[in-house]
Structure formats: C-alpha cells, structure tokens
Number of protein chains: 2
Amino acid sequence: MSEPVKKEVLIRARKILDEYLNDQNLRKTTERYAVLDELYKLPQDEHIDVESLFLKMRNKEYTISRATVYNSIDLLVECGLVVKHNFKDKNALYEPALTYEHHDHLVCNECFKIKEFLDPAIEDIKARVGESLSSKIKLHSLVFYGDCTISNCENLQRKQATS
Amino acid sequence: MSEPVKKEVLIRARKILDEYLNDQNLRKTTERYAVLDELYKLPQDEHIDVESLFLKMRNKEYTISRATVYNSIDLLVECGLVVKHNFKDKNALYEPALTYEHHDHLVCNECFKIKEFLDPAIEDIKARVGESLSSKIKLHSLVFYGDCTISNCENLQRKQATS
DNA sequence: ATTATTGCAAACGTTTTGCACTACC
DNA sequence: GGTAGTGCAAAACGTTTGCAATAAT
C-alpha cells in the first residue's frame, strides 16, 4: 500500500492555506485546517468523496458538519491545495494537490480501481490546442477507461470475493 | 452557426438503432426514435442535458416523459449512438456520436462555450499508458479548461450583455 | 394475449441554503 | 463587539424507482 504524504508536504500546505486566508481576509478556523489535514493523510492513490470524508472525521476526534466539509473543501480547491475530479457517473472525488507531480487517471472498467500516470505529451497537445483555439489553457482533465489485462488482477478478485 | 447533422447520418443512425433493438430483442418504440432524432438535430458543437431535451421535446409535437428521456438516452449511449460527457460540476451533457470524427473538448472559463478539437497524439498516450498499466483502454475523456485570448470574444460579450 | 415500455409521482443521494448560534478577529 | 463561519435541518437538484396504464410484438 502506498504511503501517505510526508509531514513536510503537509506543513507546506498549511503555510499556503495561512497565506491564502490572510490575503483574502478569511478566518483561520480549526475546521479548515482539519479538512486539509485529513485530505493530506490519504494514501497516494486514494481519492475520497465528501460523504466519506465527513464520516471519517466524525469517527475521529472532530466535530464537524457536512456543510462545513463542503465549504472547506471548496475553499481548498480554490486555493489550489486540493484537486476535484468528476469521473464518469460518480460523485466528485478529491485528492491533495501538492503531493506528487501532476498526474492523470486510468479507471478500470472491471474493478473501478483508479491508477495514476504521467505522460508529458499531454503538455504538447495542450500547447497546440491552446494555440489553435486561442485559449490560455489553465487546467486539463484526462481520464482513460479500460479493461484490465492482468490475468488475476487482485482488485478484481477482492471485488468478487465481497460480492 | 454550425449546421445540424446531414440527413444521411440520421438515416444511418436509425438503421443502427434498428439493428441494436433487433439483436437485443427490445421494442421499437416511437420515443426511442424521437430522442435519437432530436439529438441528431443539434448543431455540431452543441451539447444538451436531459432536462433541456425533455423540455424541448415537450414544446414540440412529442408527448414524452422525463423518465423515458432518461431511459432512451441511456440506451442510445449503450449502443454507441450518443456520447455522454461529465464536464466539471455540470450535469451530464449529450451529443450525437456518429456525426464527426471522435473529438475532445475545450471549455472556456469565461463564457463556458465548448469548442471541439482533435489531436492524434492522444492515441499515442493511450497506447503507452495502456501498455505500462496493463489495460486495454476503451474510452477516454480529455477536457481542457482555459481562458479565451480573443480580444473581444463574441461569446463573452453575448454573456455580459444578458447579465 | 403477453409483457416490455411508458408516464407519473414519489423516493433517492448529493449538494446547497437559511438561520440561529459560535468563535475568530 | 462585530461579523465570518459553523451546525443543523430543510430545500433543491438531478436522477432513479415502483407501479398501474399503454402499446409493441
């Protein structure tokens, strides 16, 4: 299993949030930092939805409301500390933004496991398209959906075992 | 403004639906063909959501229910005649699949206009990623989000005029 | 005639909102 | 002390579901 983000990254993320809240004259509430912490504690390839994050936090020391999880996570997306994904047909999923290089996602059609990849050619496409359609492209979302070709995929086996 | 799909394409689409319904032993209801027709009447770069399609059809000769629009459109996606998109934060949007070559989308951050593009390098990325992550990639979704660099973008002006 | 499909309205799950209360500045 | 932000519950929103009525085979 992949490791959660290093402590230094979390510290850097907290600092960025500090600055953002200062700049925007927003208040430094414990809830905002708590949501940041929880998201940055996720293992590398895990993506979480708001409801799961809410329940997870409720099961710990936190007393936080659903509405505040929604508000805080939106704020974290705005200041670039968290990335929001809208994969096919699913609720929004979130992951920390500072942790690793920018990456894209491959969703398995069979077990729904999400794998990450990085292919620099996407930047070339972005440059060409931005040029030809007169747009300064800020963000992209690239998702592949495929069938696993590993003969006994552990994710699929685990999924079958539980259903 | 772009033109709607040529009549030949619609005829071809209807034929494919015929065959699909035959093969699957499903019934040829007027509603299924009506939804297909309406979607294939859209101008090239227009994408529509279920509610708008439902209202549009209700305002015409059709008497169709929301549930049937949902059911029919799902069926059309399954048989490959219609493509479903999940752009950031928005409801699902649909467009006819047979009309033009496969293309991807650039969403304007300012006016939300959706432009289409085609860059073959995406297929190279797909091949590399499929190989390295052991997946037979079937589908992809590539969306760029950018700021328009056209000095007086007509879409933006139109939007500002109405707000 | 049989039964898949429809239309409607109610139910569902996620997200947003309104408002009184709380805690940050 | 003033007000941004919270918690809660209700509302809103897109979508799905159950079921009786309808229409395709």
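In the text below, chain A, chain B and the rest are named by the order of the sequence lines, each starting its count at 1. Hydrogens, waters and symmetry mates play no part in the numbers below; they use all other heavy atoms, side chains included.
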Classify the ring geometry between B:H105 and B:H85 as parallel (under 30°), tilted (30 to 60°) or perpendicular (over 60°).
-> perpendicular
Does some side-chain heavy atom of B:V50 sit less than 4.5 Å from a side-chain heavy atom of B:N91?
-> no
Within this structure, what is the CG-to-P distance between A:L26 and D:dT3, rounded to whole angstrom?
-> 16 Å
Taking C-beta and beyond as the side chain, do B:T29 and B:L21 meet within less than 4.5 Å on heavy atoms?
-> no
Taking atom types as modelled and ignoring hydrogens, do the side chains of B:E95 and B:H103 form a donor-acceptor contact shorter than 3.5 angstrom?
-> yes
Any B:R32 side-chain nitrogen or oxygen under 4.0 Å from OP1 or OP2 of C:dA4 = no
Between A:L75 (CG) and D:dT6 (P), how many Å, whole number?
-> 9 Å
Measure the distance from NE2 on B:H85 to C1' on D:dG14 and round it to the nearest whole Å.
-> 19 Å
Separation of A:K28 atom NZ from C:dT22 atom P, in whole Å?
-> 24 Å
Does A:D45 reach the side chain of A:I114, with side-chain heavy atoms less than 4.5 Å apart?
-> no
Side chain to side chain, B:K84 and B:I73, heavy atoms closer than 4.5 Å = no
Between D:dG5 atom P and A:Q24 atom CD, what is the distance in whole Å?
-> 11 Å
Interatomic distance, B:D74 CG vs D:dT17 P [rounded to whole Å] = 10 Å
In whole angstroms, how far is the P atom of D:dA12 from the CD atom of B:E51?
-> 15 Å
Flag the pair A:L98 / A:Y40 as yes when at least one side-chain heavy-atom distance between them is below 4.5 Å, and no otherwise.
-> yes
B:E31 near the nucleic acid: base, sugar-phosphate alone, or nothing, with a heavy-atom cut-off under 4.0 Å?
-> sugar-phosphate
Phosphate oxygens OP1/OP2 of C:dT6: is one of them under 4.0 Å from a side-chain N or O of B:T29?
-> yes
note: A:N25, atom CG; C:dC24, atom C1'; distance rounded to Å ~ 13 Å
Members of residues 61-73 of chain A that approach DNA chain D, where some heavy atom sits under 4.0 Å away | A:T63, A:I64, A:S65, A:A67, A:T68
